[in-house]
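Quick caveat, the model's predicted, so the values are computed rather than measured.
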Amino acid sequence: MDLMEKNLELVENQKLEGHTDRVWSVAWNPVSSNADGVSPILASCSGDNTVRIWEQSSLSRSWSCKTVLEETHTRTVRSCAWSPSGQLLATASFDGTTGIWKNYGSEFECISTLEGHENEVKSVSWNASGSLLATCSRDRSVWIWEVLEGNEYDCAAVLSEHSQDVKMVQWHPTMDVLFSCSYDNTIKVWWSEDDDGEYQCAQTLGESNNGHSSTVWSISFNAAGDKMVTCSDDRTLKIWGTDITKMQSGEEYAPWTHLCTLSGYHDRTIYSAHWSRDDIIVSGAGDDAIRLFVESKHDSVDGPSYNLLLKKNKAHDNDVNCVQWSPGEGERLLASASDDGMVKIWQLATKQ
């Protein structure tokens, strides 16, 4: 069924209140959101130096804060990410450290603190197997950490080819290929030819190859991993594609190419974009709105094109910093985080 033909709306399920400063990022626990009979869990991090863990009641369907992770970071927590097992939560902070928290069921404990960046850590990302962790910083570097036994983390690589603040790191969903985006207006693709972990910059996506003309804030992949969406201060979303079969063969690097640009929809910086498992792209921006896009079913000579599915005006009272689809099956749930200090849970539903 063509989503454009459905009469869909974004319904606000609940406001999650508790943070006392802007909320920078949200992350769904991948295991809780996919398992039958297990309540969805969401983490949020904020300028109030804390991380909150939220859980949905299986009976009432309402969300509540189960625990607050505090007293470890001394400054803003900018990014958080769950490991693939759902047992570990990594948190990136402006205090220059990355915290690793372990879920012991009813409580969380900070089991490791990763140090090395010269200043603010902006983003953190786990690879698909949970064996590697990437961090990036205002110090212009990207670090790759190897996860060892006994809660130990070893810095396996320091990648220093960005010329400005690195805003986000994101591992490819199925391969150990790392992506980073920066204040220098570029996206860099880091690739290792063999298993020894010698990562090199295999490609730079910049303005010269149809890339962004200003700060790149966010990166997300579709479920198949053959397409990527990026968003920017230039108020555009860009769709990129690669030969995923060639990449997965491991024989050689398959470059990413620009497929199309979504422009004219946003009039302020786009801070976040996320691709759902069923191919809906969501964007959150500095105009306080949330927008959804889907690929057009009508073939274009120039390649794929995308249509605006819907726009939610005044989704928040201030900038929307992060939007994330739930990985779970069934309900199309979306979480958003804003400068207004709120986390909101939304559901994409057919209008009654």
Side-chain angles (χ1 to χ4, degrees), residues 25 27-28 30-31 34 79-86 88 90 92 122-136 141-147 156-157 159 161-162 166-182 186-206 209 211-212 216-231 237-259 272-282 304 322 324-325 327:
S25 183
W28 295 89
V31 176
N34 266 321
S79 168
C80 55
W82 295 96
S83 65
S85 69
L88 299 175
K122 294 294 183 75
S123 174
V124 63
S125 176
W126 301 87
N127 70 339
S129 66
S131 62
L132 297 170
L133 185 73
T135 57
C136 66
S141 71
V142 173
W143 289 43
I144 297 175
W145 306 82
E146 188 177 356
V147 183
L159 312 172
E161 292 196 29
H162 280 294
V166 189
K167 296 296 187 187
M168 186 179 191
V169 280
Q170 189 69 48
W171 288 98
H172 187 272
T174 62
M175 299 178 292
D176 286 345
V177 181
L178 182 64
F179 297 72
S180 58
C181 59
S182 168
T186 71
I187 300 132
K188 290 188 181 288
V189 190
W190 308 93
W191 185 67
S192 175
E193 287 189 46
D194 44 46
D195 294 333
D196 66 6
E198 288 292 320
Y199 278 82
Q200 296 164 335
C201 182
Q203 192 177 4
T204 299
L205 305 175
N209 44 15
H212 292 288
V216 189
W217 280 95
S218 178
I219 299 166
S220 180
F221 298 91
N222 66 344
D226 62 343
K227 287 181 185 170
M228 167 175 70
V229 60
T230 56
C231 66
L237 295 159
K238 288 182 181 283
I239 310 294
W240 309 82
T242 191
D243 182 341
I244 193 72
T245 308
K246 186 176 179 182
M247 277 284 265
Q248 287 172 336
S249 72
E251 292 172 16
E252 58 181 314
Y253 177 78
W256 289 78
T257 56
H258 173 263
L259 299 178
S272 180
H274 194 240
W275 213 314
S276 78
R277 63 186 181 280
D278 50 359
D279 272 349
I280 303 170
I281 296 172
V282 59
C322 184
Q324 290 280 305
W325 290 107

Open item on the list: For the backbone of Ala27 and the side chain of Trp82, can you confirm whether one donor and one acceptor N or O come within less than 3.5 Å of each other?
Closed with: yes
Task: Residue list, side-chain hydrogen bond (donor to acceptor under 3.5 Å, both in side chains) with Trp171, at least two apart or on another chain - done: none
Open item on the list: I'd like to check the side-chain contact (heavy atoms from CB on, under 4.5 Å) partners of Thr257; sequence neighbours left out, ordered by chain and number.
Closed with: Leu259
- [ ] Return yes if some donor-acceptor pair links the side-chain N/O of Asn127 with the main-chain N/O of Asp176 below 3.5 Å, else return no.
- [x] no
- [ ] Kindly say whether Trp325 contributes a backbone atom to a donor-acceptor pair with the side chain of His274 at under 3.5 angstrom?
- [x] yes
TODO: Identify, with sequence neighbours excluded, every residue that meets salt bridge (Lys or Arg N to Asp or Glu O under 4.0 Å) alongside Glu146.
DONE: none
Open item on the list: Suppose we screen for side-chain hydrogen bond (donor to acceptor under 3.5 Å, both in side chains). Which residues come up paired with Ser272, at least two apart in sequence or across chains?
Closed with: none
Open item on the list: Lys238: which residues meet the salt bridge (Lys or Arg N to Asp or Glu O under 4.0 Å) condition with it, sequence neighbours left out?
Closed with: none
Task: Contacts of type salt bridge (Lys or Arg N to Asp or Glu O under 4.0 Å), residue Lys188, not counting sequence neighbours - done: none
- [ ] Kindly write out the residues that satisfy ring-ring contact (aromatic ring centres under 6.0 Å, His included) with Trp217, not counting sequence neighbours, or none if the list is empty.
- [x] Tyr271
Open item on the list: According to side-chain contact (heavy atoms from CB on, under 4.5 Å), who are the partners of Asp279, at least two apart in sequence or on a separate chain?
Closed with: Asn222, Trp275
Open item on the list: Trp191: which residues meet the ring-ring contact (aromatic ring centres under 6.0 Å, His included) condition with it, sequence neighbours left out?
Closed with: Tyr253
Task: Check: Thr204 main-chain N/O paired with Asn209 side-chain donor or acceptor under 3.5 Å - done: yes
Task: For Asp243, all residues meeting salt bridge (Lys or Arg N to Asp or Glu O under 4.0 Å), sequence neighbours excluded - done: none
Task: Partner set under side-chain hydrogen bond (donor to acceptor under 3.5 Å, both in side chains) for Ser125, not counting sequence neighbours - done: none
TODO: Taking side-chain hydrogen bond (donor to acceptor under 3.5 Å, both in side chains) as the test, write out the residues that go with Thr242, two or more places apart.
DONE: none
